[in-house]
Amino acid sequence: MCSWVLPGGEVRLFASRTSFVVRHRGAARLAVTLLVPGLLAAGALAGASGAAAEENPQLPGGATATLGGLETYGQAVIREDGEERAIPAGLFEMSVDGGGMLKTYCIDVDSPTQQDAKYQETPWSSTSLSANKQAGKIRWILQHSYPQVNDLDELARKAGAEGLTEADAAAGTQVAIWRHSDAVDVSATDPQAERLADYLEKNARNMREPKASLILDPPAVSGRSGERVGPVTVRTDAHSVTVNPPTDAAASGVKVVGEDGRPVSSVADGSELYFDVPKGAAGKAALTVQASTSVPVGRAFVSDTGSQTQILAGSSESTVSATATVNWAEKGAIPALSAERNCAEGGLDITAANRGEKDFTFSLMGFEHTIAAGESRTVTIPLQEDQAYDFTITGPNGFAERFKGVLDCRTKASGPAANEIAPQSAPSPATAGGTAARTHDLAETGSSNATPVIAGVAVGFLALGGLVVFLLRRKDGAEESGE
């Protein structure tokens with residue numbers, strides 16, 4: 001519910017975990033640390049030298065913010081299984097990294113909210129809204145109620161709610177959202193707030209998902225040494241976007257240029273960026289773009305610590321950013337990797353492109369995948385709800401990309417899939433100072449200069465059974481996040 005998880009208090013429970021490595025076949029190997037509920041690991045960790053992997057937390061770009069508190073709220077009652085429970089209902093505030101403030105309501109009413117949790121703007125496809133046919137109505141509610149409508153007298157007149165206060169308006173709006181996001185029997189305690197909730201629920205109409213405040217599409221590219229690699233397209237509603245060149249540009253010789261080949265420092269929506277990479281040795285670099293804009297109402301915000309999903313109700317002028325990486329080499333396989341949570345399929349989509357002249361091959365839990373030269377393909381890794389994952393894909397010339405996060409796709413109302421294993425209850429206490437708790441990694445492959453080699457893990461694979469099903473599809477083209 002919309003409650004707090006303070007130091008020493010309750011937090012989201014995470015499952016027991018199993019770690020294992022699938023040895024390489026062909027041009028590359030995939031070292032995996034999947035945190036799988038219900039399985040016990042057998043084996044030991046042995047250190048081995050290898051390429052350090054950069055962590056890729058699957059952030060599509062946009063605003064990153066820290067949850068503050070429940071600022072404007074009233075009370076609500078949820079009725080379930082013949083019982084009633086009272087909960088607070090209203091507006092949260094978030095402080096944006098780099099400057100700005102956000103106001104949000106919450107969805108997934110039965111999940112806890114962690115104080116000071118870090119949140120990232122994300123498309124609906126990475127949240128429980130993915131399969132929710134009422135998601136568009138939630139955006140309508142946000143657009144037609146408090147705080148977007150701050151004339152409380154006018155809002156009260158439309159809803160037939162006399163003397164509507166800010167707390168009433170926030171509580172009524174939250175209740176209406178929960179009815180669509182969680183399909184729960186919930187009502188506001190205050191009669192005026194309840195009238196507003198009924199009005200919003202009855203009049204809501206489906207609206208399209210809002211676009212991202214800022215993304216780079218695609219977030220990863222690759223190519224040959226000495227060539228111009230790209231393009232990466234800027235997607236934003238900001239008037240102007242600042243381009244920050246790779247921090248290691250002086251050492252690598254990488255330049256960020258426009259379509260005309262000239263260096264760029266400022267771009268706009270639709271601009272195409274290229275990496276002008278040096279000749280010679282293989283390498284990797286990243287650029288970051290940054291802008292100041294209001295984040296569109298209706299954008300979702302998620303936390304990798306299990307804190308309750310939020311949906312945006314209002315934004316000040318805020319700092320938003322996005323990052324794209326480039327990998328280059330003279331010859332062989334030249335991979336580019338990116339990832340995005342896919343709640344419709346219940347897993348993580350890893351998109352692999354290969355701009356070299358040789359195949360890029362990696363193995364994943366016994367399944368071998370080959371990305372031919374010039375090909376792009378998406379591999380969907382099935383995960384269980386609330387499952388933490390942490391794995392690294394490595395390739396030629398010291399290439400390594402680490403992916404880490406938690407799959408949080410379902411509300412209680414949507415229920416688990418029939419083939420899911422229920423998570424084991426094991427508390428993860430919050431750290432001192434109220435920072436959101438994080439799970440501990442049995443092995444973080446590639447998280448340092450030594451890539452662990454996990455040996456002797458022979459128990460638990462059969463238990464995966466039908467869960468280990470990999471869905472491959474040829475990528476028809478990059479899709480804009482948030483559309």
Chemist: Find the distance between CG (Leu196) and CG (Leu155) and round it off to the nearest 0.5 Å.
Modeler: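 Those atoms lie 5.0 Å apart.
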
Chemist: Closer than 3.5 angstrom, by distance alone: can the side chain of Trp178 be matched with the main-chain N or O of Ser187 as a donor-acceptor pair?
Modeler: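 Checking the backbone N and O of Ser187 against the side chain of Trp178, no donor-acceptor pair under 3.5 Å is found.
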
Chemist: Kindly say whether Pro210 contributes a backbone atom to a donor-acceptor pair with the side chain of Arg299 at under 3.5 angstrom?
Modeler: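 It does hold such a pair.
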
Chemist: Please check this pair: side chain of Thr309 against backbone of Val302, looking for a donor-acceptor N/O pair closer than 3.5 Å.
Modeler: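 Not confirmed, Thr309 side chain does not pair with Val302 backbone.
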
Chemist: So with a 6.0 Å cut-off around CD of Glu162, is the heavy-atom count from everything else above 12?
Modeler: no

Chemist: Okay, side chain of Arg179, backbone of Val186: is any donor-acceptor separation there less than 3.5 Å?
Modeler: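 Yes, Arg179 side chain to Val186 backbone: donor-acceptor pair under 3.5 Å.
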
Chemist: Do NZ/NE/NH1/NH2 and the carboxylate oxygens of Asp237 and Lys211 come within less than 4.0 Å?
Modeler: no

Chemist: Keeping Glu121 on the side-chain end and Ala63 on the backbone end, is there a donor-acceptor pair under 3.5 Å?
Modeler: yes

Chemist: Has Tyr73 got more than 12 heavy atoms of other residues, nucleotides or ligands less than 6.0 Å from its OH?
Modeler: no

Chemist: Name the orientation class of the two ring planes belonging to Trp140 and His144 (parallel below 30°, tilted from 30 to 60°, perpendicular beyond 60°).
Modeler: parallel

Chemist: Look at the side chain of Asn132 and the backbone N and O of Gln134, then say whether any donor-acceptor pair between them is shorter than 3.5 Å.
Modeler: yes

Chemist: Mind checking whether Val320 and Thr293 have side chains closer than 4.5 Å, heavy atoms only?
Modeler: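 Side-chain contact under 4.5 Å: yes.
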
Chemist: Under 4.5 Å between any side-chain heavy atoms of Thr351 and Ser376, yes or no?
Modeler: yes

